[in-house]
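Because the structure is a prediction, the values reported are computed rather than measured. Each residue takes its place number in the sequence, starting with 1.
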Amino acid sequence: MSNNYFQFKQFTVYHDKCAMKVGTDGALLGAWAPVAGAATLLDIGTGSGLIALMLAQRCPDARITGVDIDGPATEQARENVAASPWKDRIRIVRQDVREWAEREGEKYDALVANPPYFVEKVACPDAARHAARHTDGLSFDELLKAAVALMAETGTFSVVLPSTAVPEFIAAASRHRLYLCHQTWVHTKPTKPAKRALMTFVRRPAATRIDQLSLEVETGGFSPEFVALLQPFYLKL
């Protein structure tokens, strides 16, 4: 993406100070996560503040917190929030989520995370980008432990991950007594293997609903399902 910002219908996200730029994964999670009725929401690893802003648009009465360990990212997220229509309902905190879980007294109705996912120890030349993309800084177990500590008894925890990481994450969630209740496999096209998965976890065992989402139709162009999901946000949909 050549621009240092991404213009949405109701807000603008600058991301030139962030290791991880605005991308489809975050936008999908922000639009897909089940947050109806939630009064308090937490965006773990908020980065530019994209998902926090999407949640604020979706939940007009909710209070949203975005937490991130990266200084430049939190600075930019605060700038993006301050320029948005929802600056009075979003707070951005610079904190390691593991420490935040120990000190924060509030329990959240819905948590979301676009977490680090490259589990192999391949070094990235950009240290901030490496931290944002690799699990050696924050393992799945550490993320889930923090989520459990911050999650209300009837709360939800939603994530987006590559399909290859799904079995490991589900196993880790089970160790922390979180149970998969909804999973959406994300395909580029209907005949292509799923590259991503959107998942929601709850505290009590539940029947798991599994469905599919294709970003494009076989002949090219966005699928009706993708358009329906992102139309409230994307300018050109």
Peer 1: Sort and list the pairs that fulfil salt bridge (Lys or Arg N to Asp or Glu O under 4.0 Å) and have at least one residue in residues 170-190, not counting sequence neighbours.
Peer 2: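 Matches after skipping sequence neighbours: D141-R175.
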Peer 1: Taking the side chain as C-beta and beyond, is there a heavy-atom pair between T200 and L180 under 4.5 Å?
Peer 2: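 No - every pair of side-chain heavy atoms lies 4.5 Å or more apart.
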Peer 1: Could you go through residues 160-167 and list every donor-acceptor pair under 3.5 Å that involves a side-chain atom there, pairing it with any protein atom two or more places apart or in another chain?
Peer 2:
{"residue": "S163", "atom": "OG", "partner": "A194", "partner atom": "O", "Å": "2.9"}

Peer 1: State, to 0.1 Å, how close K21 and C18 come at their nearest heavy-atom pair, and which atoms those are.
Peer 2: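 That would be NZ-O, 2.8 Å.
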Peer 1: Quick check: closest heavy atoms across V159 and P115, and the distance to 0.1 Å?
Peer 2: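 Closest heavy-atom pair between V159 and P115: CB-CD, 4.4 Å.
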Peer 1: Which pairs with one or both residues in residues 9-18 pass salt bridge (Lys or Arg N to Asp or Glu O under 4.0 Å), sequence neighbours excluded?
Peer 2: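 Only K17-E75, K17-E79 qualify under salt bridge (Lys or Arg N to Asp or Glu O under 4.0 Å).
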Peer 1: Run the side-chain contact (heavy atoms from CB on, under 4.5 Å) test on T65 and V93 for me, step by step, so that the C-alpha distance in whole Å, both residues' side-chain angles and the decisive distance to 0.1 Å come before the verdict.
Peer 2: CA-CA 7 Å; T65 298; V93 178; 4.2 Å; yes
Peer 1: Taking side-chain contact (heavy atoms from CB on, under 4.5 Å) as the criterion, tell me which of L111, V35, I90 meets it with L41.
Peer 2: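 Between L41 and the candidates, side-chain contact (heavy atoms from CB on, under 4.5 Å) is satisfied uniquely by V35.
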Peer 1: Starting at CE of M151, measure out to OH of Y108 and round the result to the nearest 0.5 Å.
Peer 2: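 Atom-to-atom, M151:CE and Y108:OH are 14.0 Å apart.
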Peer 1: So which heavy atom on S48 is nearest to which on V22, and how close?
Peer 2: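 So the two residues come closest at OG-CG2, 4.1 Å.
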Peer 1: Ion pair present between E153 and R204, side-chain N to carboxylate O less than 4.0 angstrom?
Peer 2: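 So E153 pairs with R204 through a salt bridge.
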Peer 1: Within a strict 4.5 Å, meaning less than it, do heavy atoms of the F157 and V112 side chains meet?
Peer 2: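 Side chain of F157 against side chain of V112, heavy atoms only: no contact under 4.5 Å found.
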Peer 1: Restricting to pairs with a member in residues 63-91, which pass ring-ring contact (aromatic ring centres under 6.0 Å, His included), not counting sequence neighbours?
Peer 2: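 As it turns out, the ring-ring contact (aromatic ring centres under 6.0 Å, His included) pairs with a partner in residues 63-91, which skip direct neighbours, are F11-W86.
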Peer 1: What is the minimum heavy-atom distance between R196 and D25, and which atoms define it?
Peer 2: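 In this case the closest contact between R196 and D25 is NE-OD2, 2.7 Å.
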Peer 1: Taking CZ in R63 as the centre, count heavy atoms belonging to other residues, nucleotides or ligands within less than 6.0 Å. Is the count above 12?
Peer 2: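 Result for CZ/R63: open.
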Peer 1: Okay, side chain of T46, backbone of D68: is any donor-acceptor separation there less than 3.5 Å?
Peer 2: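 Pair absent, no side-chain N/O of T46 close to backbone of D68.
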Peer 1: For residues 185-204, which residue pairs pass the ring-ring contact (aromatic ring centres under 6.0 Å, His included) check, not counting sequence neighbours?
Peer 2: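 Of all non-adjacent pairs touching residues 185-204, those that pass ring-ring contact (aromatic ring centres under 6.0 Å, His included) are F169-F201.
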Peer 1: Can you list, pair by pair, the side-chain donor-acceptor contacts under 3.5 Å of residues 229-237, counting residues two or more places apart and other chains?
Peer 2:
none

Peer 1: Which pair of non-hydrogen atoms, one from P190 and one from E216, has the smallest distance, and what is that distance?
Peer 2: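 So the minimum-distance heavy-atom pair works out to CD-O, 3.3 Å.
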Peer 1: Do V97 and L138 touch side chain to side chain, with heavy atoms closer than 4.5 Å?
Peer 2: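 Sidechains of L138 and V97: in contact.
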